[in-house]
There are 2 protein chains.
Amino acid sequence: MTTTATQPERARIVAVARRLVERDGPDALSMRKLAADLGVAHTAIYWHVGGRDELVGAIVDSFIADLGEVRPRGRSPRTRMESIALDVHRQAVEHRALVSLAFEQGRATALWQPAHVALAREVEAAGLRGAAAARAVQTILYLAGAFVTLEAALEEHAETRAAVALSRRVFSDALEAVLDQLEGK
Amino acid sequence: MTTTATQPERARIVAVARRLVERDGPDALSMRKLAADLGVAHTAIYWHVGGRDELVGAIVDSFIADLGEVRPRGRSPRTRMESIALDVHRQAVEHRALVSLAFEQGRATALWQPAHVALAREVEAAGLRGAAAARAVQTILYLAGAFVTLEAALEEHAETRAAVALSRRVFSDALEAVLDQLEGK
DNA sequence: ACCTGAACACCGTTCAAGT
DNA sequence: ACCTGAACACCGTTCAAGT
């Protein structure tokens, strides 16, 4: 009799939970709905992954692990910095439900660690050093983060499509302005 | 026997609810906790103001009504635009719990209507007209809105104080960059 | 007209009991 | 070791019943 190499139950639970969140949004994640999806009593989840906080933590972990390497595009440092900012924004908006969970965990910064590293490289290539370089990286990252949260808030709460489109355009306008100023120095 | 001119019960309920939200945050607002504060059965609230959505709507109404006139400061249009943006940001951060409720209602734009009007005046004084003027107003307002939601998300979810301080600095940096670009045209 | 209490359908968490 | 079911303390909403 061969023992089937089953996927650990914990990993399966987290995977199903993540799918649930990506499909129906962060508010749809409840221990009881998840248990129904899994076909177990909802109290079984506590044995494998712990309470809601630990479950959300595990989902965020799996999201961070999947977050692809950041690939800057373009020739000049300027266009490469811009591409990173746009990538960060796009990735976050595509997975806004998971980003929302990351914020719930107070782990927003961990999300943008890869982008942070990539940006630091480009900012240096643009000729900035030390405090000015660090400041430039933070400005670009937080700008992207700000508009991610704005768009998430607008979309989650049924604001008009027009508002979301406006927000996106303002983001790229502000990004241009910030990059212009960076080059001017 | 004189009939005491009692404050309408509906207004009293909304006022107590608003205080509750401002003191303990938006998540602390529940029909049952509010009823306990009021000293009535929680089902009585339904008679006077309706369900949770209507209650939140009424709180947001009272917030918007209290939102003071926007008073631009400074001599040049540039500094006046800046003061408006900073005021919007400051007001929203001071009342982030109420702003959060306004977003929940999909009424974020209504919140910034007075600032919108004041900004339009200053943008025109700065020499912009038509589509360019409208675009400038939107850029400044959405920039402020983006950093309000970012800060709210950071603070609500126990992110470090350092992250909030950084966010605030990036906001003023980005605002400078945007205003610089506006003047350059 | 105004308010209550019971009821219903949710939610997260704990824990004794089973296998 | 793993899972269940009952129990507890929450939540919003409806509604018949009282005054």
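Nothing here was measured: the structure is a model prediction, and the numbers come from that model. Just so you know, these numbers use all the heavy atoms, side chains as well, and skip hydrogens, waters and symmetry mates. The chains referred to below are lettered A, B, ... by the order of the sequence lines, with proteins before strands, and numbering in each begins at 1.
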- [ ] Any chance you could encode DNA chain D as dot-bracket? Rule is Watson-Crick or G-U wobble with both distances under 3.5 Å; [ ] for pairs crossing earlier ones, | for another strand.
- [x] ||.|||||...|||||.||
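- Residue R10(A) contributes atom CZ, which lies 13 Å from atom P of dC2(D) at whole-angstrom precision.
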All N/O pairs under 3.5 Å across the protein-nucleotides 7-11 of chain D interface:
from	atom 1	to	atom 2	distance (Å)
dC11(D)	OP1	S30(B)	OG	3.0
dC11(D)	N4	R32(B)	NH2	3.4

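- The CD-P distance, from E54(A) to dG12(C), rounds to 14 Å in whole Å.
- The nearest pair of heavy atoms linking S167(A) to L154(A) is CB-CD1, 4.1 Å.
- The distance from atom CG of L98(B) to atom CD of E22(B), rounded to the nearest 0.5 Å, is 4.5 Å.
- We find the CZ-CG distance between R168(B) and L86(B) to be 10.5 Å, quoted to the nearest 0.5 Å.
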Task: Working for side chain to side chain donor-acceptor pair (under 3.5 Å), residues Q138(A) and H116(A) - done: CA-CA 8 Å; Q138(A) 287 157 357; H116(A) 194 288; 5.6 Å; no
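- By the criterion of side-chain heavy atoms lying less than 4.5 angstrom apart, applied directly or through intervening Ile, Leu, Val, Met, Phe, Trp or Tyr residues, Y142(B) is not grouped with V93(A); the two fall into different hydrophobic clusters.
- Protein atom NE2 of H48(A) is 12 Å distant from nucleotide atom C1' of dT4(D), rounded to whole Å.
- Between W47(A) atom CH2 and dA17(C) atom P the separation is 17 Å, expressed in whole Å.
- From E54(A), atom CD reaches atom CD1 of I59(A) across 12.5 Å, with rounding to the nearest 0.5 Å.
- Summarising the geometry, the separation between OH on Y46(B) and P on dA6(C) is reported as 17 Å, rounded to the nearest angstrom.
- In this structure, I45(B) atom CD1 and dG12(D) atom P are separated by 9 Å, rounded to whole Å.
- Between F147(A) and F171(A), the ring planes lie tilted relative to each other; the angle falls in the 30° to 60° range.
- Spacing between atom CD1 of I13(A) and atom C1' of dC2(D) amounts to 11 Å, rounded to whole angstrom units.
- Looking at every heavy atom in both residues, A144(A) comes nearest to V88(A) through CB-CG1, 4.1 Å.
- Under a cut-off of 6.0 angstrom, the local environment of CZ in R129(B) is crowded, with over 12 non-hydrogen atoms contributed by other residues, nucleotides or ligands.
- Across all strands shown, A44(A) has heavy atoms under 4.0 Å from base atoms, whether or not it also approaches the sugar-phosphate.
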